[in-house]
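Small disclaimer: the values here were computed from a predicted structure and weren't measured. Scope of the values below: all heavy atoms of this structure, side chains included, with no hydrogens, waters or symmetry mates.
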2 protein chains.
Amino acid sequence: MQKILNNFGVIMQANLREHIEKIIPVTDEEFDFISSHFTSRKFKKHQFIIQEGDAVQYSYFVISGLLKLVYTDASAKQHIVSFAMEDWWESDFYAFYTKTKATMSLECLEDTEVLCCSLEDYKKLCDGLQKMERFFLEKATFGFLGSQRRILSWLTSNSKERYEQLLKQYPMLMQRVPKSLIASYLGVSRETLSRLSS
Amino acid sequence: MQKILNNFGVIMQANLREHIEKIIPVTDEEFDFISSHFTSRKFKKHQFIIQEGDAVQYSYFVISGLLKLVYTDASAKQHIVSFAMEDWWESDFYAFYTKTKATMSLECLEDTEVLCCSLEDYKKLCDGLQKMERFFLEKATFGFLGSQRRILSWLTSNSKERYEQLLKQYPMLMQRVPKSLIASYLGVSRETLSRLSS
DNA sequence: TCTTAGATGTGACATACATCACACGAAATT
DNA sequence: AATTTCGTGTGATGTATGTCACATCTAAGA
């Protein structure tokens, strides 16, 4: 692990800064302060960033690549809780915030670069710069709204409609992940999804 | 509508203060500042607090009573997005935050008392008192985690299991709302729910 | 008090979906 | 290049659940 002040880091920082400034503009000094709370890491396809049962040290900001957040049930069946691609935050957030063991795993579907932020650094960011607390509030709020939207999609739509909604919302996702995982995310079997497409 | 500085208001304030202090302690002065951003309102059973298509002026903190947040689909079928009881926040949050028209309605299942906070007052609270921004961040975070938990419950459990989970999590809810609404919340027909119980 | 509307249970039937099984081509691994 | 694994499609079959229908009981309203 390394601080993000190297050549790659510059690009990563630009990415993070752009992301933050979609919500709140920050000065160079402020952004220096912000980026000092992140470390950079790279993972290969198939690597686990979080494994079920481990402590969850970080919240992750995805610079490039693609992740799946997976819950494995009692009968060893895997369920995709969410995907995370460029500019998304991901973690087992419950375990992260409550300092408990991970109940989900976070695995790379592609080679992936992330910025890592520990809980202490997250708190220091909120305490040290009110703008960041504002930023995280906005992220959490829209994260909540996104989940509510997904629940509503469950309540109101059948499998085919939910598939089409997902296709429309994230067309690129279909090119990047196998359909069996899309099926798992939608909560249907891969066979059913296959039949829906035809 | 009235400021919450009357007799009823004192009780309501106590309720709100207790709720806030579960997360962050506040001084009397701070709480005076906080409560000046809320107004109090009472509604009767069957009254609509938010109607689909209306502007959503407020976010609501429930002092007493019970609400349902409902989405009505194209075929006029109603879906319960959530219930809200004492100490819960509720609104069509998407419409509230984005100042768009309500796509959902919020209706009283019992006589209900709420504290109302407008978007401007919400922002003033966040700007004027960092503790409140922290408070709302925590609320939003755990709101998100709650939704994610509900999605996971959908992905991993069948109707009977989801019903039992709900029963365990909110036993009082069963005494207060008709089973047809529970069914709608769970995403099954009332007939199916009826057969599950037996 | 009488009447109506709401809540709940249950049977009959249709259907969406899961599961198991197998096939086949593409991609990854050796 | 050979072999294995992965991704995908498709048939057969069982099951969970939706929908329609009707009965009963309770609560609310006139």
Return the value, rounded to whole Å, for the distance between atom CG of A:Leu109 and atom P of C:dA27. 17 Å
Interatomic distance, B:Lys44 NZ vs D:dG29 C1' [rounded to whole Å]: 16 Å
Has B:Lys22 got more than 12 heavy atoms of other residues, nucleotides or ligands less than 6.0 Å from its NZ? yes
Five pairs at each end of the helix from C:dT1-D:dA30 to C:dT30-D:dA1: take the axis at both ends and give me the angle between them to 10°. 50°
Begin from the C-alpha positions of B:Trp89 and A:Phe144 and carry the test ring pair (Phe, Tyr, Trp, His ring centres under 6.0 Å) through to its verdict. CA-CA 13 Å; B:Trp89 293 82; A:Phe144 167 73; over 10 Å; no
Determine whether A:Ser184 and A:Gln78 make a side-chain contact, defined as any pair of heavy atoms from C-beta on separated by less than 4.5 Å. no
B:Ile23 versus B:Lys139: any side-chain heavy-atom pair under 4.5 Å? yes
Using whole Å, report how far NE2 of A:His46 lies from P of D:dG7. 7 Å
Per-nt protein contacts along nucleotides 19-26 of chain C (heavy atom under 4.0 Å; B base, S backbone sugar-phosphate only, - none) come out as BBB-----
Can you find a side chain N or O atom of B:Ser159 that sits less than 4.0 Å from OP1 or OP2 on D:dT17? yes
Would you mind writing out the side-chain donor-acceptor pairs for residues 122-129 of chain A within the sub-3.5 Å range, not counting sequence neighbours?
| residue | atom | partner | partner atom | Å |
| --- | --- | --- | --- | --- |
| A:Asp127 | OD1 | B:Arg134 | NH2 | 2.8 |

To the nearest Å, how far apart are B:Trp154 CH2 and D:dA16 P? 16 Å
Donor-acceptor pair between B:Gln130 and A:Glu133 side chains, under 3.5 angstrom: yes
Interatomic distance, B:Glu110 CD vs D:dA28 C1' [rounded to whole Å]: 16 Å
Provide, to the nearest angstrom, the distance between the CG atom belonging to A:Asn158 and the C1' atom belonging to D:dT17. 14 Å
Test side-chain contact (heavy atoms from CB on, under 4.5 Å) applied to B:Lys99 - qualifying residues, sequence neighbours left out: B:Leu119
In whole angstrom, give the distance that lies between atom CG of A:Leu196 and atom C1' of C:dC17. 9 Å
What residues in residues 162-185 of chain B put a non-hydrogen atom under 4.0 Å from any atom of DNA chain C? B:Pro178, B:Lys179, B:Ser180
Taking only residues two or more places apart in sequence, or in another chain, which ones meet B:Lys179 in a side-chain contact (heavy atoms from CB on, under 4.5 Å)? B:Tyr163, B:Leu193, B:Ser197
Under the criterion side-chain contact (heavy atoms from CB on, under 4.5 Å), I'd like the reasoning laid out for A:Glu86 against A:Phe61: C-alpha separation, chi angles, the key distance, then a yes or no. CA-CA 8 Å; A:Glu86 290 78 13; A:Phe61 176 72; over 6 Å; no
Within the distance-only criterion (no hydrogens, no angle test), does the side chain of B:Ser64 pair as donor or acceptor with the backbone N or O of B:Thr112 below 3.5 angstrom? no
Are A:Tyr185 and A:Phe83 an aromatic pair, judged by ring center distance below 6.0 Å? yes
Could you check how far NZ of A:Lys45 sits from P of D:dG7, rounded to whole Å? 8 Å
